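The chains referred to below are lettered A, B, ... by the order of the sequence lines, with proteins before strands, and numbering in each begins at 1. This structure is a prediction, so every number in the text was calculated from the model and none was measured. What you see below is based on every heavy atom in this structure, not just the backbone, and it leaves out hydrogens, waters and symmetry mates.
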There are 2 protein chains.
Amino acid sequence: MRSSKPTLQDVATAAGVSTATVSRCINQPAQVKETLRDKVNEAINRLGYAPHGAARALASRRSHTIGAVIPTIDNGIFANGIHYLQRGLSEANFTLLLASSNYSLDEELHEVRSLITRGIDGMVLIGEEHHPEVYEMLDRHQVPVVNLWTYNNQSLHSCIGFDNAAAGRKIAEHLVNMGHRDIAVISGIQIDNDRARERIEGVRQYLQEKGLELKPELVRECRYSAEQSSLALTELITAGHHFSAVICGNDILALGALSALRQLEIPVPKALAVTGFDNLEIIAALSPSLTTIDVPARRMGTLAATYLLNCIQTGNRDITRVQLPADLKVRETTNTVHST
Amino acid sequence: MRSSKPTLQDVATAAGVSTATVSRCINQPAQVKETLRDKVNEAINRLGYAPHGAARALASRRSHTIGAVIPTIDNGIFANGIHYLQRGLSEANFTLLLASSNYSLDEELHEVRSLITRGIDGMVLIGEEHHPEVYEMLDRHQVPVVNLWTYNNQSLHSCIGFDNAAAGRKIAEHLVNMGHRDIAVISGIQIDNDRARERIEGVRQYLQEKGLELKPELVRECRYSAEQSSLALTELITAGHHFSAVICGNDILALGALSALRQLEIPVPKALAVTGFDNLEIIAALSPSLTTIDVPARRMGTLAATYLLNCIQTGNRDITRVQLPADLKVRETTNTVHST
DNA sequence: TTGAAAGCGATACCAC
DNA sequence: GTGGTATCGCTTTCAA
């Protein structure tokens, strides 16, 4: 009895054919006569043969692997999209190599380099802004890439996402329509995060167009954690600033804000309106229910899989830009008209 | 100018040394004289050389890759643990191959097979119950495996987790102490899910010991979705069943339950107490705050990385079983004494 | 349709 | 310390 794992050669010998034939049986079964194919398959099963991925990748120059680097896997924000990306890949017998950057472009570069070394056939990133070397390496290694959670019709790289600035505008517009004039913002850290910047920029622009202003002292940045957000908002309030609505950079921040307001016994939306961003499944059960932007995470994940698999199969490297809707979901945290 | 990517050979030629030396410079720099090393590194940088993962894996029989198959990446339940697993691996220059099973042991088997083909050096799974072939394959390929989210001191495989049955007992005990006698359960689908079964079994046993009974008609199974849970609980209530507390299989189910109760205008915990499981970061901001079990997701992830890296490095294959605490967090959804 | 054989790009053993 | 080279397991021309 052989002690180590059977190889293609072992199968070939056992079936009385060449390794080339066995390889074909596995990869292009149609090209092998049925009688032979049966013999080979029998041998494969009898020996419990499983192909060796690395050898395969080395010889074929295809790893059947897609890499993704996301800011964090820690919460549901990106997890949902990644879930569908992974499912899409799995159906095509591709595997997902997942890494996280902790919202740092330098860490992202490091992870991208590592993934490229691993020989990924395609790459998924979040946002459009990346270390220049990231794009350079991807390009040099001919690895197709698609940016998610962002849409820019002039981007030099493929993207499947939504317009973050427009989404920010929608929120601002809604609040202004509800009578709010003094609006605060609790944003995620904006450095290295183009989505966060664009969202707030959308808000700022809309307000400006309406002759309003996003006052710098009403804008706070903090890590994407409910706790940090809670602190930030509490500070803002105890500092005596006046505002009737607070726009949060994502649902987690909004959750933290709501929890702070509850402790301060400030009624929502009566005294203060709150908005989130992402429409996480779980926040649907919240009370008061949260007004937020419905981010098409699932579709971004699914489409990213389809897009990359297609690039790999056809060798096509054209830039594709897909804009998905990101609609405002008006719910209880903003459903009261504010009168000045 | 060379059009394709530089290889070890190219670097060797450029530096005027052998491929063996270049390889050493990369893997055991200490064994190479400094002068030579500098020359080689200069060549590496000049050519923009990056090692080829597959070739490396083929030659060294190490892929520097760990596989994980989790039930779903869709929500925060496992994402948090995976996040820290990934961080731990990344620090050691290992990469995470992530797949999901959709809570099906057959799908899990499929994914495990795929990952093994990819040549993973270690494997992370959730729960102890897996398709027998999973263990068999892992064993045959000598891939060390660790089961997370489960602890069993007699397990034949390494595990890092907590005692699900004991956690279930804690919940039941707390509720009984608060005066509850009629308890309902909304559980996740129990087939293919040992954690769900154990939790409920813990509840059942504790009640039995106290001369109480977990009535079959008060137990509902549903997918882990807030919506499904909401429906299940509404059904239970409109069917006219009597119970003063409902134990939910995880926080997502609890969230759904709370949302149903809000719509039915049933006060929590006054008329009905509710418990969850997992202590997701985001639910901390909920109101009323949720009584739940604090699952050590972060530590499981971190320790899994450490454990597997150690197995790989030392070749040690001893079974390791780590029990982590999973404590009850008593909060508002159960903080009222129930009088019969 | 099938087989022989040349790589794919590194590692690691064995000499020197 | 350093270099030569067999080897890892599979894919893929090219001929037959």
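Aromatic ring pairs are classed by plane angle as parallel below 30°, tilted from 30° to 60° and perpendicular above 60°; the pair B:Y135 and B:H130 is perpendicular. Below 30°, between 30° and 60°, or above 60°: for B:F94 and B:H64 the angle between ring planes is below 30°, a parallel geometry.
A sub-4.0 Å separation between OP1 or OP2 of D:dG3 and a side-chain N or O of B:S18 is present. The side chain of B:R62 places no N or O atom within less than 4.0 Å of a non-bridging phosphate oxygen (OP1 or OP2) of C:dT11. Within the structure, a side-chain polar atom (N or O) of B:S23 is placed less than 4.0 Å from OP1 or OP2 of C:dT11. For A:S60 and D:dT11, the shortest distance from a side-chain N or O to OP1 or OP2 is not below 4.0 Å. The shortest distance between the side-chain N/O atoms of A:R56 and the OP1/OP2 oxygens of D:dT11 is below 4.0 Å. OP1 or OP2 of D:dG3 lies within a sub-4.0 Å distance of a side-chain N or O belonging to B:T21.
Of the candidates C:dA10, D:dG3, C:dC8, the closest approach to any side-chain atom of B:A55 belongs to C:dA10. Side chain of B:L58, nearest nucleotide from D:dG3, D:dC8, C:dG3: D:dC8.
Taking the nucleotide of DNA chain C with the nearest heavy atom to each of A:T19 and A:L36, the more 5' of the two is matched to A:L36.
When the P atom of D:dG1 is taken as reference, atom CD of B:E34 falls 13 Å away, rounded to whole Å. Rounded to whole Å, the distance from CZ on B:R24 to C1' on D:dG4 is 11 Å. If you take NE2 of B:H52 and P of C:dC8, they are 11 Å apart, rounded to a whole angstrom. With rounding to whole Å, A:L8 atom CG is found 10 Å from D:dG9 atom P. What separates CD of B:Q9 from P of C:dG7 is a distance of 14 Å, to the nearest Å. Between the NZ atom of B:K5 and the P atom of C:dG9 there is a distance of 8 Å, rounded to whole Å. When rounded to the nearest whole Å, the span between CD1 of A:I26 and P of D:dT11 equals 6 Å. Atom CZ of B:R61 and atom P of C:dT11 are 14 Å apart (whole Å).
The pair A:E91-A:R87 fails the salt-bridge criterion, with no side-chain N (NZ, NE, NH1 or NH2) lying under 4.0 Å from an Asp/Glu carboxylate O. A salt bridge does not link A:R195 to A:E129: none of the charged side-chain nitrogens sits closer than 4.0 Å to a carboxylate oxygen.
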Intermediate values then yes/no, side chain to side chain contact (heavy atoms under 4.5 Å, CB included), A:L96 and B:L97: CA-CA 6 Å; A:L96 174 69; B:L97 281 160; over 6 Å; no

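Nucleic acid contact for A:V22: none, since no nucleic acid atom lies under 4.0 Å from a heavy atom of the residue.
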